[in-house]
> 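This is the structure I want to talk about, given as structure tokens.
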Protein chains: 2
Amino acid sequence: MQNRRSEIVEVARSLFARSGYQQASMSEIIAATGLSAGAIYNHFSSKTELMSAAARVNLDRFTASSDELPWDFVERCLRELQTDHQLTRFFAITWGEAATVPEIAAVVDEQLGQLRDRVIAVYRRWAEAELDLTGSELETWLDMLAAAVLSVFTGFVMQSTALANFDAERYFEFARTILRQG
Amino acid sequence: MQNRRSEIVEVARSLFARSGYQQASMSEIIAATGLSAGAIYNHFSSKTELMSAAARVNLDRFTASSDELPWDFVERCLRELQTDHQLTRFFAITWGEAATVPEIAAVVDEQLGQLRDRVIAVYRRWAEAELDLTGSELETWLDMLAAAVLSVFTGFVMQSTALANFDAERYFEFARTILRQG
DNA sequence: GTCTATAGAGCGATAGAC
DNA sequence: GTCTATCGCTCTATAGAC
């Protein structure tokens, strides 16, 4: 049953987000679902499989609406992160885990790729209407901008998670400055 | 003995960098040092203490020389990371762990703070010679620039660790562009 | 300061009944 | 599909001799 699977994943994700992937034990997760070991292992063959399912977060909130200006889109993403500190923490935990668990690395690569594609789409739409670039100039420009936006995004996650005196508003200011220049 | 302590820390760090903090076991570390459990626990009272000692990396390679231009300094830091992929990985692992282990969070905060201080110092030196800003304008400008540089730095670590198709040269290009503008 | 040996707890995963 | 019970292993940390 597909629904039971998502129930388990959601419970597991919230424990991974609180304690970390390794520190959250299967027993805790099992207890938190209200099910039993046998039930969980009927849906997931190992803890690693459950981990990578939990890492695959729904990114719909980070999709551009069709009439958004590129920098408004990026700022909206950042503010989304700011209001959901648990999600930000979970990204940081997941990206760190990706360095040692290949199954999670694959998910992170896929998800940052999705984010990148969306960034490129919204900037392309804008650039085609407003800028006068040749085809290859445009592609180079988009590549660089995607690196910039991903950097702003990952930078926000890392700094807001790791720095005691992080100032989000100053960070937005910096992001706005670099993303408007084109 | 202080020297024995550093020996142990170095061995532990290389195992943490390879497998992650939780996945590297005390037994592995003990075996790799060639010592015994008793010897290690004579120098460190717990695995967590050893972890936070290992997290405190020597950052001298990321210090500005007194005649460097700010963007040259930043680019040199990035190229330093590029040539030492094990260190980059280790940063990613450590920052992720910081989200769940307070003792590591304290070290990361301290180290990113150090990096920030150095960035500010080198930009301040340059700005005082080349720009004409009032005192408070200068401080605001430096704050924003520090956020930018930290973002470029953490972004490089995350993206080069997590993205399969990461293009370092394009990243440098983006970094150069935003850090020259002032 | 370092050794050997082991305590004591918790882990991920499985077997087999229902 | 879910349960109970438990296997077999590994983990961090300590005790006590030297």
> Quickly work out the A:Ile29 CD1 to C:dG10 P distance and round it to whole Å.
17 Å

> Check the distance between C:dG16's P and A:Tyr41's OH and give it to me in whole angstrom.
18 Å

> Heavy atoms from C-beta onward define the side chain here; which of D:dT2, C:dT2, D:dT14 lies closest to that of A:Asn42?
D:dT2

> I'd like to know whether the aromatic ring centres of A:Phe62 and A:Phe153 sit less than 6.0 Å apart in this structure.
yes

> Can you identify which nucleotide, out of C:dC3, D:dA13, D:dT2, has its nearest atom closest to the A:Leu35 side chain?
D:dT2

> Tell me whether A:Tyr171 contacts the main-chain N or O of B:Ser151 through its side chain, where contact means a donor paired with an acceptor under 3.5 Å.
no

> Starting from C1' on C:dG12, measure out to CD on A:Glu49 and report it in whole angstrom.
14 Å

> Counting side-chain heavy atoms from C-beta on, which of C:dA13, C:dT2, D:dT12 comes nearest to B:Met26?
D:dT12

> Closest nucleotide of DNA chain C for B:Gly34 versus for A:Lys47: which of these residues is on the 5' side?
B:Gly34

> If you pin A:Ser27 and A:Ala37 to their nearest nucleotides in DNA chain C, which one's is more 5'?
A:Ser27

> Would you mind classifying the nucleic acid contact of B:Ser25 as base, sugar-phosphate or nothing, using non-hydrogen atoms under 4.0 angstrom?
sugar-phosphate

> Report the distance from atom CD of B:Gln22 to atom C1' of C:dG10, rounded to the nearest whole Å.
14 Å

> Which heavy atom in A:Thr88 sits nearest to a heavy atom in A:Val157, and how many Å separate them?
O-CG1, 3.6 Å

> So which nucleotide from D:dT2, C:dA5, C:dT2 ends up closest to the side chain of A:Ser36?
D:dT2

> Between P on C:dG1 and NE2 on B:His43, what's the gap in Å once rounded to a whole number?
6 Å

> Quick one: A:Ile30 CD1 to D:dA5 P, roughly how many Å, whole number?
15 Å

> Got more than 12 heavy atoms from elsewhere within 6.0 Å of CZ, A:Arg18?
no

> Between D:dT10 atom P and B:Gln23 atom CD, what is the distance in whole Å?
16 Å

> May I ask you to verify if any side-chain N or O of A:Ser46 is less than 4.0 angstrom from the OP1 or OP2 atom of C:dG12?
no

> Could you state the atom-to-atom distance from OH of B:Tyr21 to P of D:dT12 in whole Å?
15 Å

> Does atom CD (A:Gln2) have a neighbourhood of more than 12 heavy atoms from anything else shown, all under 6.0 Å?
no

